[in-house]
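What follows is one structure encoded as structure tokens, with my remarks underneath.
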Amino acid sequence: MEKVLLITGASRGIGAACARLAARQGWTVAVNYASRADAAQAVVDDIRAAGGRAEAFQADMRDETQIVSMFEAIDTHLGRLRGLVNNAGVVDVPARVDQMSRERLLRMFDINVLGAFSCTREAVRRMSTKHGGTGGAIVNVSSAAARLGAAGQYVDYAAAKGAMDVLTVGLAREVAAEGIRVNAVRPGLIETDIHASGGLPDRVRDLAPGVPMLRGGTAEEVAEAIVWLLSDASPYTTMSLLEISGGR
Ligand code: NAP
């Protein structure tokens with residue numbers, strides 16, 4: 001049976017690495033993106049060139065209507081969903097909590113938390129045996145920030161990732177008897193565009209000496225853990241928060 005996987009924010013960074021690896025392991029991948037259609041299409045082209053199956057789907061995690069339409073389009077074009085990676089996420093420029101506007105907080109939680117909740121709801125409706133599904137796996141991309149707090153940089157981001165950890169624990173218990181496993185990864189400092197988007201392009205290089213392994217990680221190293229958590233090789237693993245942070 002076809003294994004269909006949706007990865008949100010799969011046009012770049014960790015999501016893109018995950019899409020390429022999952023496709024190599026037999027998943028048919030729905031590559032979600034917000035605005036970079038070119039980057040999403042490049043991931044799809046790579047997967048197809050390697051003999052895999054993938055299609056790009058635009059949906060902004062801030063837009064409920066776009067999210068629901070994306071799931072319906074996946075139903076039609078790819079088939080029944082078996083996997084979801086809630087990966088889309090943003091940071092903001094460094095700020096203290098006493099500088100954070102309500103507008104900033106709404107954007108942070110809208111993309112990083114509410115979008116993931118909406119995707120999760122749609123996925124559970126398709127995967128749960130309670131709804132006539134045949135099960136599946138969900139992986140939330142949290143962050144080491146949820147445990148470190150990101151003081152002086154982005155406590156709002158860390159708090160949003162804390163919410164993703166709690167979603168992981170609660171949902172894992174809620175749907176464990178319905179054929180769905182739910183886990184999270186907590187990456188540390190990973191080389192992607194996200195740091196430049198928050199105005200700190202050298203963040204990984206600057207902080208790497210403080211990492212016990214003395215280096216940042218790669219998107220591919222995170223993807224390995226995500227794809228394992230999605231796979232049949234982790235059948236009894238649910239509710240895990242897996243650190244991928246080089247010991248940080
Ligand atoms: P990235 O390179 O900046 O890529 C972000 C991805 O998310 C892009 O595909 C982007 O799509 C998508 N995205 C952004 N806003 C979106 C929205 N409103 N709706 C839908 N998609 C949206 O980021 P990354 O470093 O790979 O991060 C991926 C995840 O890992 C995030 O949840 C992040 O918090 C988490 N994480 C990263 C690190 C790290 O050090 N890099 C560490 C811990 C956790 P477009 O291409 O269309 O813009």
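Indexing begins at 1, ligand by ligand and atom by atom, following the structure's order. We're numbering straight along the sequence, starting at 1.
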Under 3.5 Å donor-acceptor, [X] side chain and [Y] backbone:
X    : Y    : result
D63  : Q66  : yes
R126 : E122 : yes
S142 : R186 : no
T238 : A172 : no
S240 : L242 : no
R48  : A54  : yes

* Please name the pair of heavy atoms, one in S245 and one in V211, separated by the smallest distance, quoted to 0.1 Å. =>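 Heavy-atom minimum between the residues: O-CG1, 3.8 Å.
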So between [options], whose heavy atom ends up nearest [atom]?
atom                    : options              : value
atom 13 (N) of ligand 1 : A219, A17, G13, A88  : A88
atom 1 (P) of ligand 1  : I226, I194, V85      : I194
atom 5 (C) of ligand 1  : A19, A223, G89       : G89
atom 2 (O) of ligand 1  : T192, V204, T8, N112 : T192
atom 43 (C) of ligand 1 : G9, P187, G15, A144  : P187

Provide, to 0.1 Å, the distance between [atom] and the closest protein heavy atom, together with that atom's residue and name.
atom                    : answer
atom 48 (O) of ligand 1 : R12 NH2, 2.9 Å
atom 9 (O) of ligand 1  : S11 OG, 2.6 Å
atom 42 (C) of ligand 1 : G188 O, 2.9 Å
atom 30 (O) of ligand 1 : V141 CG1, 3.3 Å
atom 37 (C) of ligand 1 : I14 CD1, 3.8 Å
atom 16 (C) of ligand 1 : A34 CB, 3.7 Å
atom 44 (C) of ligand 1 : S142 O, 3.2 Å
atom 40 (O) of ligand 1 : I190 N, 2.9 Å

* Is a side-chain donor-acceptor pair under 3.5 Å present for T8 with N32? ->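 The criterion, which ignores hydrogens and geometry beyond distance, is not satisfied for T8 and N32.
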Going by the atom numbers of ligand 1, which of them fall below 4.0 Å from some non-hydrogen atom of [X]?
X    : result
Y157 : 33 (C), 34 (O), 35 (C), 36 (N), 43 (C), 44 (C)
Y33  : 47 (O)
N32  : 20 (C), 21 (N)
S35  : 47 (O), 48 (O)
V90  : 14 (C), 15 (N)
N87  : 28 (C), 29 (C), 30 (O), 31 (C), 32 (O)
I111 : 18 (N)
K161 : 31 (C), 32 (O), 33 (C), 34 (O)

Under 4.0 Å between a Lys/Arg side-chain N and an Asp/Glu carboxylate O for [X] and [Y]?
X    : Y    : result
R53  : E2   : yes
R147 : E243 : yes
R80  : D75  : no

* Measuring from the heavy atoms of R203, does anything fall under 4.0 Å of ligand 1? ->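 R203 does not count as a contact of ligand 1 under the 4.0 Å cut-off.
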* Asked: Is the closest heavy atom of A37 to ligand 1 under 4.0 Å?
  ->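 Not so, A37 does not reach ligand 1.
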* To do: Say whether F71 and Y33 are linked into one hydrophobic cluster, either directly or through other cluster members, by side-chain heavy-atom distances under 4.5 angstrom.
  =>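 No, it is not one cluster - the side chains of F71 and Y33 are not joined through contacts under 4.5 Å.
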* Asked: Within a reach of under 6.0 Å around CG of D38, are more than 12 heavy atoms found that belong to other residues, nucleotides or ligands?
  ->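 Yes.
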* From R102, K161, R104, R96, residue fulfilling salt bridge (Lys or Arg N to Asp or Glu O under 4.0 Å) relative to D156 ->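 Of R102, K161, R104, R96, salt bridge (Lys or Arg N to Asp or Glu O under 4.0 Å) with D156 is met by R104 alone.
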* R186 contact mode with ligand 1 (heavy-atom cut-off under 4.0 Å) ->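 Neither; no heavy atom under 4.0 Å.
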